[in-house]
Visitor: 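I'd like to ask you about the structure that follows.
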Amino acid sequence: MARALALAALLSMPALACGADSGRGEEAERAPVSSPTVTDGSGPGGTSAEARIDQVNETMRNTPFSGIGTTTAFDEGLQQIRWNPEQGLHIKLTGISGDDMYCKDSVTYTSAGLLALSLESEGVRITVPTRLDDVYVTTESEQGCDSYFAVPSGVFAPDKDKEIEGVPAQAVVASSGATSDVYYLSEKDPARLLRMESVRNGRRSGTTYVDFGKATTVTLPDADRIMTMEEFRAEVDAG
């Protein structure tokens, strides 16, 4: 029973990409906070922060891209991100366990190994039976898969503006308590998210987004490798 309850907690674990108000864990608690070096007024061209964020999210939602960086979910390793608006999202971890996750039509497919690793990072250990090594566990959300990289409400922070890969970028800050995120948005059109940097309980991460418009293929796991969370719980409890 204890293991079943622990697995249920995965439904609220933070999004790996750490790039959006995804409704998972502390991500959902995020709210912008002003400071003397932050302004919610207009940026270059008279565009407000909220208007620019909307433009960026619309572009990202409808444009293929890739990304690479670290995650605050784990202390080490890299995550590689691929997004195809028609086929979905793929996030692969390297340097940790090689496990990955997919998302399509608001359904997330997380490898059994990554579920176990996520639980371990929260201080809960489970043993995944060998027969489940190549299984992906599904969870459903009311939010779209773009929630893994969408920019939340925030305010301009002109003192943090800089170039990302040679492209001028405006900094937008979203922070609350020990959580702080900086999103670097392209200053000129097309409106894009170029990089995000995050702090979660002392852990730092950064992801750079590239290859906008470049064709990428995302293929979901085969049906015979997919389980619901309830089915996975039952199999793990069975040992």
Side-chain angles (χ1 to χ4, degrees), residues 1-30 60-61 64 66-67 71-74 77-150 152 200 207 216-239:
M1 178 63 71
R3 286 183 296 175
L5 292 174
L7 286 170
L10 285 167
L11 295 173
S12 61
M13 71 181 183
L16 290 177
C18 295
D21 184 359
S22 62
R24 298 172 174 84
E26 61 196 41
E27 296 285 328
E29 303 299 324
R30 208 182 307 170
M60 300 294 283
R61 187 180 303 117
S66 299
T71 170
T72 55
F74 307 108
L78 294 176
Q79 60 175 357
Q80 296 174 311
I81 303 168
R82 290 186 297 142
W83 168 248
N84 181 313
E86 301 299 323
Q87 299 175 344
L89 177 74
H90 183 212
I91 300 176
K92 181 177 178 60
L93 295 178
T94 60
I96 299 176
S97 64
D99 286 298
D100 58 353
M101 59 164 286
Y102 296 82
C103 185
K104 189 176 191 303
D105 297 331
S106 299
V107 178
T108 298
Y109 305 76
T110 308
S111 66
L114 184 53
L115 285 183
L117 189 62
S118 299
L119 277 173
E120 185 176 340
S121 73
E122 299 296 323
V124 179
R125 291 180 178 272
I126 65 168
T127 299
V128 178
T130 303
R131 66 181 182 280
L132 301 182
D133 281 349
D134 64 348
V135 162
Y136 286 80
V137 183
T138 60
T139 53
E140 296 188 28
S141 170
E142 294 181 358
Q143 302 184 58
C145 297
D146 58 304
S147 63
Y148 281 94
F149 53 80
R200 294 278 190 285
T207 297
T216 184
T217 300
V218 176
T219 303
L220 297 180
D222 293 335
D224 61 357
R225 298 171 61 199
I226 295 173
M227 278 186 172
T228 66
M229 181 66 78
E230 291 72 21
E231 291 170 335
F232 185 72
R233 285 196 199 111
E235 290 287 336
V236 169
D237 278 345

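Note that the structure is a prediction, hence the values are computed from the model and not measured.
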Visitor: Any idea which heavy atoms bring V236 and P129 closest together, and the distance?
Guide: CG2-CD, 4.3 Å

Visitor: Can you classify the ring geometry of H90 versus Y102 as parallel (below 30°), tilted (30 to 60°) or perpendicular (above 60°)?
Guide: parallel

Visitor: Please name all residues satisfying side-chain contact (heavy atoms from CB on, under 4.5 Å) with T219, sequence neighbours left out, ordered by chain then number.
Guide: T217

Visitor: If I take atom CG from residue D134 and atom CG from residue D224, how far apart are they, to the nearest 0.5 angstrom?
Guide: 8.0 Å

Visitor: Verify, without hydrogens or angle tests, whether T110 (side chain) and M101 (backbone) share a donor-acceptor contact under 3.5 angstrom.
Guide: no

Visitor: Do you know the tightest heavy-atom contact between T71 and L93?
Guide: CG2-CD2, 4.5 Å

Visitor: Using a 4.5 Å cut-off on heavy atoms from C-beta on, say whether the side chain of L220 contacts that of Y109.
Guide: yes

Visitor: Can you tell me if S106 uses its side chain to pair, donor with acceptor, with the backbone of Q143 under 3.5 Å?
Guide: yes

Visitor: Quick one: are Y148 and T108 in side-chain contact, heavy atoms under 4.5 Å?
Guide: yes

Visitor: Roughly how far apart are S147 OG and R61 CZ, rounded to 0.5 Å?
Guide: 10.5 Å

Visitor: Let me confirm one number: the NZ-CG distance from K92 to L78, rounded to the nearest 0.5 Å.
Guide: 12.0 Å

Visitor: Kindly give the heavy-atom pair with the smallest separation between K104 and E86, and that separation in Å.
Guide: CE-O, 3.4 Å

Visitor: To the nearest 0.5 Å, what is the distance between CD1 on I91 and CZ on F149?
Guide: 9.5 Å

Visitor: So which heavy atom on I81 is nearest to which on L89, and how close?
Guide: CG2-CD1, 3.7 Å

Visitor: Is there a side-chain contact (heavy atoms from CB on, under 4.5 Å) between M227 and L132? Walk through the geometry before answering.
Guide: CA-CA 10 Å; M227 278 186 172; L132 301 182; 3.6 Å; yes

Visitor: Between atom OH of Y136 and atom CG of D100, what is the distance when rounded to the nearest 0.5 Å?
Guide: 3.5 Å

Visitor: Taking all heavy atoms of T216 and all of P64, pick out the closest pair and write down the distance.
Guide: CG2-CB, 4.3 Å

Visitor: What heavy-atom pair brings I226 and P221 nearest, and what distance separates the two atoms?
Guide: CD1-O, 3.6 Å

Visitor: Please answer whether the main-chain N or O of M60 pairs with a side-chain N or O of W83 as donor and acceptor at a distance below 3.5 Å.
Guide: yes

